[in-house]
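Have a look at the structure below, then the notes.
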Amino acid sequence: MLRDPWAEIEDDLRDIRRKAEEKLAVEHLDIPLETPPEGLGDICFPAFQYSQALEASPEDCAERIVSAMDTGEYFSKHEAARGYVNSFIDWGKLTPQVVESILSLGPEFGGLEPKDERILLEHTSVNPTGPIHIGRSRNSIIGDTLARVLRRAGYDVTTEFLVNDTGRQMVVLTWATQNISEDELPKARRDKDDHLIVRYYQKAYEILESDTTLEKTIEDLVLRLDRGEEKIARDVKAVAEKVMEGMVSTLKEIGVTLDSYFWESSTILDGSVHEVIESLKRSENAHSDAGAYYLDLESSGIHGWDARFFFTRKDGTSLYTTRDIAYHLGKFKRCDIAINVLGEDQKLGMKQLTLALDMMGVEKRPETVFYAFVSLPTGKMSTRSGTTVLLDDLIDESRARAAEEVKKRRPELSPERIESIANIVGTGAVRYNILRVQPEKKIVFKWEEALNFDGNTAPFIQYSHARACSILRKAPDRTGKDYGLLAHPAEIRLVNTLSRFPAVIRNCAGSLRVHSLASYAYDLSSDFNQFYRDCGVIRAEPELRDARGALVECTKIVLVSSLDTMGIQAPEEM
RNA sequence: GGACGCGUGGCCUAGUCUGGAUAUGGCACCAGCCUCCUAAGCUGGCUGUCGGGGGUUCAAAUCCCCCCGCGUCCGCCA
């Protein structure tokens with residue numbers, strides 16, 4: 001059983017290389033393994049670095065190493081070319097092992113050995129002031145996918161949403177719902193609490209621009225809330241809960257669910273933020289300016305207009321990052337590894353949090369995945385001014401587009417079936433479109449790109465899956481007797497890619513970067529589509545047909561697993 | 001002024017950590033492929049000073065330095 005075929009292959013090659021090094025009496029060099037260009041082999045490494053030890057040209061080095069290498073467990077031969085050592089896998093031997101492993105492990109293929117560590121993964125944590133826009137959804141999609149990757153990698157993962165129910169923004173919103181009447185507001189685009197309530201928020205900020213007395217009212221309310229006045233805290237929480245309900249239902253549409261919600265106000269109510277403040281005040285870097293306390297971070301390498309990190313207001317109440325420190329101390333007690341998914345605007349805040357932990361003598365640190373903002377061709381998105389593309393709208397448009405495509409291709413399907421497929425395809429496209437880009441790249445959202453279902457998209461991958469299902473419905477046998485028959489270049493290429501899936505999960509989990517999972521799923525689909533063209537299944541001779549049927553089954557299994565790990569469903573037909 | 005990130009064909013993007021073979025794919029565009037398992041597919045073509053300049057190296061998209069452009073932050077907001 002090969003749980004992680006590619007790891008076995010790499011270990012084998014490293015082993016063979018080490019023996020060759022010993023034979024040639026050269027010092028061991030851990031040269032990274034690479035993939036050679038098409039046709040030159042399956043796995044390779046450059047031999048340039050041996051030229052000093054062997055006193056030879058790179059070409060000669062490669063020759064001499066190759067001649068000292070044996071075939072090991074999984075290789076048929078090694079070749080020297082232009083200073084590289086190119087190794088060829090013995091597919092006749094490996095293919096049956098890979099196919100049998102995937103068939104017997106099924107959805108477990110790509111799952112790594114269970115780990116002891118508990119992970120607390122914070123993501124989304126968007127302020128409950130209105131509906132989620134596509135920029136914020138990047139957080140949820142990356143976070144939810146990362147949780148799925150880490151679970152598959154064997155960790156015990158709990159996801160958590162930090163709900164902001166304190167501070168000025170929420171006070172403004174709460175005041176607005178109590179003091180602005182419905183008829184002053186534009187009609188809501190949807191009958192959904194987050195859409196209904198955001199209008200009050202936007203109206204309040206409009207009023208605040210000219211009304212200075214309201215400013216005073218708000219300041220007073222913020223103060224009272226921060227001191228823990230119960231009535232206000234209850235009102236804020238009630239509004240937050242309503243908006244949260246709307247946001248949570250939107251997230252559920254794209255397959256994002258969270259295990260836990262942590263209300264920020266609880267750090268004030270349970271006294272934990274007070275303890276943080278007292279502890280920070282004892283630091284030698286703590287100073288006071290007119291009663292407000294701050295840490296001087298100039299000596300810690302923070303420079304700029306102001307290197308002071310204020311952790312209390314002049315009235316002694318806490319500030320956001322102070323509460324976040326309290327929250328993190330609590331998290332550390334509940335897990336072994338704390339991971340955050342945050343917008344890149346939070347970088348300084350996390351740096352300040354880290355330095356504050358230093359000064360408090362706390363050893364643990366959160367690991368953070370930062371992502372860049374999504375903007376529109378017209379500029380930034382802003383909930384306050386309403387210049388956003390809402391996730392609800394994107395989901396609707398994407399589903400509608402998908403329904404149109406299904407109707408065009410499969411007019412015989414029932415309306416219910418069409419709707420069901422369009423739902424899966426539309427929401428899958430939304431997730432994949434965000435997921436495929438590495439997180440630090442800013443995204444300029446364009447409708448025509450978001451609604452494109454060709455090429456490197458979720459529908460492409462889902463379509464490959466539907467094709468595989470279609471073959472399997474018609475192929476009588478999904479297990480063959482002789483997988484050695486799978487020797488066509490397109491078959492070998494497909495087996496090669498299938499064998500790497502566990503390694504992809506391992507790499508994504510290790511780096512906390514999930515975009516390469518999207519590339520993998522695309523590559524697998526692409527390989528399958530070439531196999532589909534070149535290797536007929538149901539019309540092949542019985543033995544070959546059964547072996548190919550098994551390969552299709554393997555592809556289906558891994559496509560489903562990789563899509564599932566991205567939170568994308570796989571339709572049986574489309 | 002300071003900090004961090006990004007810059008790869010007309011547009012989008014992989015590779016950058018860990019330097020190595022003619023830089024990965026997609027969209028768009030052009031030309032082909034459905035009497036044959038779903039053409040949301042496949043094949044071929046067209047597009048490249050890897051932002052610019054210097055340096056290190058046998059070898060730089062990748063490492064170092066300087067510069068330019070874009071994004072984000074530098075609040076007793078969250």
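Owing to the predicted nature of the structure, the values given are computational and were not obtained by experimental measurement. In what follows, chains carry the letters A, B, and so on, assigned in the order in which the sequence lines appear, proteins first and then strands, with residues in each chain numbered from 1.
- Within the structure, a side-chain polar atom (N or O) of A/Q530 is placed less than 4.0 Å from OP1 or OP2 of B/rU43.
- The partner of B/rG69 is B/rC6, by the rule that a Watson-Crick or G-U pair needs both atom distances under 3.5 Å.
- Contact annotation: A/R473 does not reach the phosphate of B/rC37 (side-chain N/O to OP1 or OP2, under 4.0 Å).
- A/R467 has no side-chain polar atom (N or O) that falls below the 4.0 Å cut-off from OP1 or OP2 of B/rG41.
- Counting non-hydrogen atoms under 4.0 angstrom, A/K314 reaches a base of the nucleic acid.
- A/S382 and A/T387 are not linked by any side-chain donor-acceptor pair at a separation below 3.5 angstrom, with hydrogens and angles left out of the test.
- At B/rA39, one or more side-chain N or O atoms of A/Y532 fall inside 4.0 Å of OP1 or OP2 (strictly under the cut-off).
- Taking 4.0 angstrom as the limit, A/K380 places a side-chain polar atom (N or O) nearer than this to OP1 or OP2 of B/rU72.
- Between the side chains of A/N529 and A/R533, no donor-acceptor pair of N or O atoms lies under 3.5 Å.
- Applying the 4.0 Å criterion to OP1 and OP2 of B/rA59, one finds that A/Q49 has every side-chain N and O outside that range.
- Distances shorter than 4.0 Å separate none of the side-chain N or O atoms of A/K347 from OP1 or OP2 on B/rA3.
- Ring geometry for A/W447 versus A/F445: interplanar angle over 60°, hence perpendicular rather than tilted (30 to 60°).
- Nearest nucleotide to the side chain of A/Y522, out of B/rA78, B/rC11, B/rG25: B/rG25.
- Annotated as syn: B/rC34, whose O4'-C1'-N torsion sits within 90° of 0.
- Among A/I568, A/L559, A/N456, the one residue that satisfies the side chain to side chain contact (heavy atoms under 4.5 Å, CB included) test with A/I461 is A/L559.
- Applying the 4.0 Å criterion to OP1 and OP2 of B/rG25, one finds that A/H515 has every side-chain N and O outside that range.
- Residue-to-nucleotide proximity on RNA chain B shows that, of A/Q169 and A/P459, the 5′-proximal contact is made by A/P459.
- Separating the C1' atom of B/rU43 from that of B/rG51 is a span of 35 Å, rounded to the nearest Å.
- Look at A/F48 and the base of B/rA59; the rings do not stack under the cut-offs of 5.5 Å between centres and 30° between planes.
- Taking the P atoms as reference points, B/rU47 lies 31 Å from B/rC6, given to the whole Å.
- The shortest distance between the side-chain N/O atoms of A/K441 and the OP1/OP2 oxygens of B/rA14 is below 4.0 Å.
- In a base pair of the Watson-Crick type (N1 to N3 plus N6-O4 or O6-N4) or a G-U wobble (N1-O2 and O6-N3), with each distance short of 3.5 Å, B/rC58 is matched with B/rG20.
- Across the C1' atoms, B/rG69 and B/rU56 are found 26 Å apart, a figure rounded to whole Å.
- Side-chain N/O atoms of A/R313 include one lying less than 4.0 angstrom from OP1 or OP2 on B/rA78.
- For the pair A/Q438 CD and B/rU24 C1', the computed distance is 13 Å after rounding to whole Å.
- A salt bridge links A/R17 to A/D30: at least one charged side-chain nitrogen sits closer than 4.0 Å to a carboxylate oxygen.
- Under 4.0 angstrom from either OP1 or OP2 of B/rC73 there lies no side-chain N or O belonging to A/Q346.
- The side chain of A/R548 contributes no N or O atom lying less than 4.0 Å from OP1 or OP2 of B/rC37.
- Per the stacking criterion (ring centres < 5.5 Å, plane angle < 30°), A/F370 does not stack onto the base of B/rG5.
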